[in-house]
Amino acid sequence: MQENITLPGDPLPFNSIFYIERPSIESDAYTELVKPGSLIRIKAPRQMGKSSLMLQLIHQAQIHEYSVVTIDFKLVDTQTFLSLNNFLRWFCVNVARQLSIASHLDDYWDEEIGSKVSALIYFESYLLEQIKSPLVLILNEVDYVFQHQQIAQDFLLLLRSWHEQGKQTPIWQKLRLVLFHSTEVYIPLNINQSPFNVGLSLKLPEFTVEQVTELARRYELDWCDSQAVENLMYWVGGQPYLIHQALYYIHQQKISLTELLNNSTHGQCIYSAYLRNLLNILLQDAELSQAYNQVVNSTNGNINLSANLVYKLDSLGLIKLSGYNYQPFCELYRLFFQKSLLIESNAIPWDKLKKENEKLQLLVNIDQLTQVANRKCFDETLEIEWERMTHIQEPLSLILADLDEFKLHNDTYGHQSGDDCLHQVAQAISSVIKSPDHLVARYGGEEFALILPQIHAGKAILIAEEIRETVKLLRIKISELTTKIQVTNTTSLTISLGIACIIPSGDFSLREFFEATDQALYQAKKLGRDRSILSSKFKFGYNE
């Protein structure tokens, strides 16, 4: 084996032996990348391999000695989305920073001519002039911009105009745009203003039998006969994340293929968190839930669905299309959602169901202020993951985090500002978490908690440190008190974190594990705050 086998979920490095090419996706993208003024649009539901492909494209750009800038829109603060001017200034400054160019933004920004024109002038007269090589500008998680429709319309129009400029202006031919987005967000876009009907469009397909067979070989599985591959693909299709998960656990001898297939829809199967995430998305839209309920319970697939519903279900990766015949993407989805969407025809009015779903999401599981999981959801999830990790004998990491000097901020700026602060911090913490299996929750007051199944202590520390730095970058003021006799300098809010990691067994209880994490947080506070401390008792996977 040429590299250590790690749990699937993170993007695969460009040289990973587990990266499977999907012809002609990569070759078409590489060819387009070297064309002056090109625009590439790559879309797929989440967990289909977009981030891994992005690393492949970055490597190709580096081979050609291009400048590369990656903008990840999930890192944008909520306040930045309040105005187009703020958003475009944030965008331009981040591009300059990644190019190691002094921003000098105010020298080119003129609000009288508008922020879109100012951004165009800034790129044309400054950034593109400063660099010698072509610039590959990768825009990741564009879906987050979609959520702010007015900004999305203006920003996408701007990108479209830059691409059009590349057809006639040499300086703009330096710019190569690459847009990555999950198609789970549906937004109507003006066809004449959108970059989504120009350039090269690539939609990542599922794995084929041959590709799954090759991936099994790389996982050192002796699946020479195609029956094992066909059995697996019957249940999960060619969905890359589900395939990788299965092959990983089988290689690690945590489960056999037979056990996997027999238990694939049970509450504690290896796919449980992934399936729950899809279910939650469905339950937020009663009409969509009703449509998919028809699909999974249909015997022939001949269902009358609107084009909009078909688009949404296809974008989520939940169906396979064949003309007007709609089938569940795989047998796993059919069985799971037949059980989960417990709705018989006309048994429950859909308006009532929608209200119940909203109550479930907004009142039972979600903390209304911060929009992350609440204490109840945290307690229930922690028990489930403790039992699941006990069953499969994988590590479970827990992080408890507490804002430093939050009361001082509250006392200085008021409770409304304190509430805004908690919301910003919650979203900042969430931006660090990449896996749908991981949970971010507000534990109470200014304290947050993270449940990280299948994460060892070493990686949990890295996550905690990234959270700590991300919160500091928010630059939330703690105090700014000025009197005639005393001036208190403004300082920024920080966060302290306690970490513990264990492979659950009968030796220790969940309560002991939690208390050890809380004690680590107490030590972080005691030693000066703004730091991460790993429990001395529960630190599985930490190399001292």
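Bear in mind that the values here come from a model prediction, so they are computed numbers and not experimental data.
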Could you grab the distance from atom [atom1] of [X] to atom [atom2] of [Y], nearest 0.5 Å is fine?
X: His415; Y: Asp420; atom1: NE2; atom2: CG; answer: 13.0 Å
X: Tyr326; Y: Leu318; atom1: OH; atom2: CG; answer: 14.5 Å
X: His59; Y: Phe14; atom1: NE2; atom2: CZ; answer: 4.0 Å
X: Leu462; Y: Ile467; atom1: CG; atom2: CD1; answer: 11.0 Å

- Message: Restricting to salt bridge (charged side-chain N to carboxylate O under 4.0 Å, His left out), what partner residues turn up for Asp419, sequence neighbours left out?
- Response: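 Salt bridge (charged side-chain N to carboxylate O under 4.0 Å, His left out) list for Asp419, sorted by chain: empty.
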- Item | Partner set under salt bridge (charged side-chain N to carboxylate O under 4.0 Å, His left out) for Glu141, not counting sequence neighbours |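 Here the qualifying residues are Arg46.
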- Determine whether the side chains of Trp90 and Asp77 contain a donor N or O and an acceptor N or O closer than 3.5 Å.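 No, because no side-chain N or O of Trp90 sits under 3.5 Å from a partner of the opposite role on Asp77.
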Would you say the rings of [Y] and [X] are close, in the sense that their centroids are separated by under 6.0 Å?
X: Phe448; Y: Tyr443; value: no
X: Phe87; Y: Phe81; value: yes
X: Phe91; Y: Phe155; value: yes

Please determine whether a side-chain nitrogen of the Lys or Arg among [X] and [Y] lies less than 4.0 Å from a carboxylate oxygen of the Asp or Glu.
X: Lys472; Y: Asp404; answer: no
X: Arg218; Y: Glu214; answer: yes
X: Asp314; Y: Lys203; answer: yes
X: Lys116; Y: Asp154; answer: yes
X: Glu405; Y: Arg529; answer: yes

- Query: Between the side chain of Ser417 and the main-chain N/O of Gly414, is any donor-acceptor distance below 3.5 Å?
  - Reply: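 Between the backbone of Gly414 and the side chain of Ser417 there is no qualifying donor-acceptor contact (under 3.5 Å).
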- Between the main-chain N or O of Gly445 and the side-chain N or O of Arg442, is there a donor-acceptor pair closer than 3.5 Å?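 Answer holds: yes.
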Should we say atom [atom1] of [X] is surrounded by more than 12 heavy atoms from elsewhere, each under 6.0 Å from it?
X: Lys50; atom1: NZ; result: yes
X: Asp107; atom1: CG; result: yes
X: Gln168; atom1: CD; result: yes
X: Gln79; atom1: CD; result: no

- Tell me, please, whether Phe329 has Lys320 positioned over its six-membered ring: NZ or CZ under 6.0 Å from the ring centre and within 45 degrees of its axis?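 Cation-pi check for Lys320 and Phe329: passes.
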- Can you see which heavy atom on Tyr271 is nearest to which on Leu242, and at what distance?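 What the structure gives for the nearest pair is OH-O, 2.8 Å.
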- Decide side chain to side chain contact (heavy atoms under 4.5 Å, CB included) for Leu128 and Trp172; before the verdict, give the C-alpha distance in whole Å, the side-chain angles of both, and the deciding distance to 0.1 Å. CA-CA 8 Å; Leu128 294 176; Trp172 283 100; 3.8 Å; yes
